[in-house]
Amino acid sequence: MGGLIVDTRGRTLLAKIWDQHVIAKVSDDTDLLHVDRHLLHDLGGSRGLLDLKSRNIPVHNPELTFATPDHAISTASGRAGTIQTGWELLAALRTETSASNIRLFDIDQPGQGIVHVIGPELGLSLPGCLIVCGDSHTCTHGGLGALAFGIGSSELAHVLATQTIIQRRPKTMRVTFDGRMPFGVTAKDLILALIGHVGAAGGTGYAVEYAGSAIRTMPIEGRLTICNLSVELGAKMGLIAPDDTTFDYVRGRPYAPQGAMWERAVAAWRTLQSDSDAVFDREVSIDVGTIIPQITWGTSPEHVLGVDGRVPDPRDIADPARRGAIEIALDYMGLKPGAPIAGTPVDWVFIGSCTNSRLSDLRAAAEVARGRKVAPGVRAWVVPGSETVKRDAVAEGLDRIFIDAGFEWREPGCSMCLAANGETVPPGQRSVSTSNRNFIGRQGPRARTHLASPAMAVAAAVSGAIADVRTMER
Amino acid sequence: MAQAFTKLTATAAPIMRTNIDTDVIISINRMIGNSVRGNLGKWAFGSLRYLPDGSENPEFVLNREPYRAAEILVTGPNFGCGSSREAAVWSLQEMGIRAIIGSGFGDIFFANCFQNGILPVVLDKATIDGLAAEIEASQGAGRLTVDLEEQTVTSPSGVRHVFEIDPRRRAGLLEGLDEISLTLRRDHEIRAFQASDRDARPWIHFAGQSA
């Protein structure tokens, strides 16, 4: 609602999308924004709907609200092992979405899956959309040029009741990834390297736009991975300007516009990029040619290094607070100061999560797994991100490659990323995971998590230890 | 509806580790297990507070006197980063926390605090470190005062630090406003926006289509 725009200074992508969603100004830097898509999942969805019901407030726009179970349901075959709470949450989600006339993509249906995987897949997430969900990895959808961010339970109820959200306009940060991706380096490695560079709070208060030649040549699924980890650098939102790659990805998806409306939409989406003279509050440039496959060693995604590196030695750290934090992380992770990270024995490998469970991730993992065997003593799981990913992967025979190599092939869901469904890494065991958080207890009480790309995860599975995938890729 | 917050003088506990995430504040299995809202307080900081055998970890600050009675936390950088789970705020609230002072917070956690009547105060890191040092020197005996009307934090020795806060959020906390009701008062504006947006971006709206 710009009205008469007389300011001719360049505008950022964030400003363009933001301004299109302003219903009213609430204060100088805070606006009431329209929510175009509200995604619900089993962990918070029914609670929000029940909250409204108890206040006798109807859902404002059920047709802009979509739900799927992902967090609390088991990913075992037939959903065996779903915990009691998981079934209860699913039952409540079914009842409450039905009562409010909200589309639910239920288990075993083609639309079911991790909420951040199905949004893009179904064409629910579109360029220029404002998307919210009660989950911090909602920033994932920014890979399509959407303004997408996670909200809490109270805000979730506010969105259900009003189809709006009150937000303070963030500062803007641009990260330019230039150069050619080296052999064995993936989108996951780029974003982990960035988090290591700016720190887990480096993006706090910013909306981060990712730009540069490495982003422009990156397929959409990689861009979703990049944006997914924006919250791990502290940013609530990550964004990538939509381009022909984006439009090719979105075209023909079930909820995408069609025909004449498609043409109109694309014309509008082409304007969604930062002007060449737009000014950002912070700029970071990274030459991707310098990046090698990354792996985390500690308990924050900023505790990351190249796979050829050594874990830090607290004795080298002058600042007492940082030294203390590193000591605690090394102790929790059971690692020796200064030891090389490669060769660290692993017990578990998890390929999945909203970061890395898409078809391209499974292809990259299968490429390394093909003809190899999971090392004795290692349990390795592949959990596709959605029912559609699962079916497509099966059609390509990827499931067979994994099963032949000794991986477990499972049903779609969040699974061991946060272990809300009871699927945990046992206490003290070490896991290489393609997920997004290596927090203390994240994959289960006292579980030790190392984050890496899908190919690196397979390298660890077949080696029985953290290994450099570049020695294995064909 | 958020509880109101005006002024608080209370025991403060320093939890100075960097990047305390919401998984550490409340574990997911406590959120979806038998513990529900109203029964989360004893599980706050579970992995720090309890030893593997379930007994209290005597090393953890909130298990020590007088910090057990703390209503204020003084925190290290990036407190509350990670998952959007509002249960992290609920669990702190249920253990009696009313204000959290830090040099920076996870964005979603920060917003969730206001939704529940907890005041998150941002001060620069040097000030925070000074407050923590003063609290530790008094072994927790010195009390902090957080005054939202004045926008000040007063240290145990009486040094006042002014903090900035979004005026809208300040007003919301002082009065304990119900945001949903307030926004619904503007429903005519929301519907007018949607009507014009249906012309501008028809692909966004599925009028009449659902389930």
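Only a predicted model underlies this, so the values are computations on that prediction, with no experimental measurement involved. Numbered from 1 within each chain, the chains take letters A, B, ... in sequence-line order. Values below: every heavy atom of this structure, side chains too, minus hydrogens, waters and symmetry copies.
Between the side chains of Asp124(B) and Thr127(B), at least one donor-acceptor pair of N or O atoms lies under 3.5 Å. In this structure, a donor-acceptor pair under 3.5 Å is absent between the side chains of His21(A) and Asp31(A). Residues His161(B) and Thr152(B) bring no donor and acceptor atom of their side chains to less than 3.5 Å of each other. Asn421(A) and Glu423(A) form a side-chain donor-acceptor contact under 3.5 Å, judged by distance and modelled atom types alone. Judged purely by distance below 3.5 Å, without hydrogens or angles, the side chains of Asp187(B) and His60(A) pair a donor atom with an acceptor atom. Glu96(A) and Ser46(A) share no side-chain donor-acceptor pair at under 3.5 Å. A donor-acceptor pair shorter than 3.5 Å can be found between the side chains of Ser154(A) and Glu86(B).
Heavy atoms closer than 4.5 Å to chain B are found nowhere in Leu156(A), neither backbone nor side chain. Of the atoms belonging to Asn61(A), it is side-chain heavy atoms, and not backbone ones, that fall under 4.5 Å from chain B. Both the backbone and the side chain of Thr204(A) come within contact range of chain B, with heavy atoms under 4.5 Å apart. Contact of Ile151(A) with chain B is made through the backbone alone, with heavy-atom distances under 4.5 Å. For Ala157(A), the parts sitting under 4.5 Å from any heavy atom of chain B are the backbone and the side chain alike. At a 4.5 Å heavy-atom cutoff, the contact between Phe105(B) and chain A is made by backbone atoms alone. Contacts between Phe66(A) and chain B at a heavy-atom distance below 4.5 Å involve the side chain alone, from C-beta outward. Of the two parts of Ala200(A), the backbone and the side chain both hold a non-hydrogen atom closer than 4.5 Å to a non-hydrogen atom of chain B. Proximity to chain B (any heavy atom under 4.5 Å) is shown, for Thr162(A), by both the backbone and the side chain. Arg446(A) touches chain B through its side chain: at least one heavy atom from C-beta onward sits under 4.5 Å away, while N, CA, C and O do not. Interface residue Ala200(B): only backbone heavy atoms are found under 4.5 Å from chain A. Within the 4.5 angstrom heavy-atom criterion, only side-chain atoms of Arg437(A), from C-beta onward, approach chain B. Neither the backbone nor the side chain of Ser27(B) comes within less than 4.5 Å of any heavy atom of chain A. Only the side chain of Glu302(A) comes within contact range of chain B, with heavy atoms under 4.5 Å apart. Only the side chain of Gln163(A) has a heavy atom closer than 4.5 Å to any heavy atom of chain B. For Ser153(A), the parts sitting under 4.5 Å from any heavy atom of chain B are the backbone and the side chain alike. In this structure, chain B has a heavy atom under 4.5 Å from the side chain of Leu126(A), while its backbone stays farther away. Residue Pro77(B) does not touch chain A at all, counting heavy-atom pairs closer than 4.5 Å.
For the set Ile190(B), Val24(B), Asp197(B), the entry with the most heavy-atom pairs within less than 4.5 Å of chain A is Ile190(B). Residue with the most contacts toward chain A among Gly82(B), Ala111(B), Gly46(B): Gly82(B) (heavy-atom pairs, distance under 4.5 Å). No other option in Arg168(A), Arg37(A), Glu232(A) has as many heavy-atom pairs under 4.5 Å with chain B as Arg37(A). Chosen from Asn19(B), Asp129(B), Val89(B), the residue pairing most often with chain A at heavy-atom distances under 4.5 Å is Asn19(B). In terms of heavy-atom pairs under 4.5 angstrom with chain A, the leader among Cys81(B), Pro167(B), Pro52(B), Ala88(B) is Pro52(B).
The aromatic ring centres of Phe45(B) and Tyr50(B) sit 6.0 Å or more apart. Taking the ring centroids of Trp262(A) and Trp269(A), they lie under the 6.0 Å cut-off.
Atom CZ of Arg68(B) is surrounded by more than 12 heavy atoms from other residues, nucleotides or ligands within 6.0 Å. Counting non-hydrogen atoms of other residues, nucleotides and ligands closer than 6.0 Å to CD of Gln139(B) gives a total of 12 or fewer.
Here the side chain of Arg442(A) pairs no donor or acceptor atom with the backbone of Thr449(A) at under 3.5 angstrom.
With respect to the salt-bridge test (charged N to carboxylate O, under 4.0 angstrom), the residues Arg168(B) and Asp28(A) do not qualify.
Looking at heavy atoms from C-beta onward, Glu71(B) lies out of side-chain contact with Thr11(B) at the 4.5 angstrom threshold.
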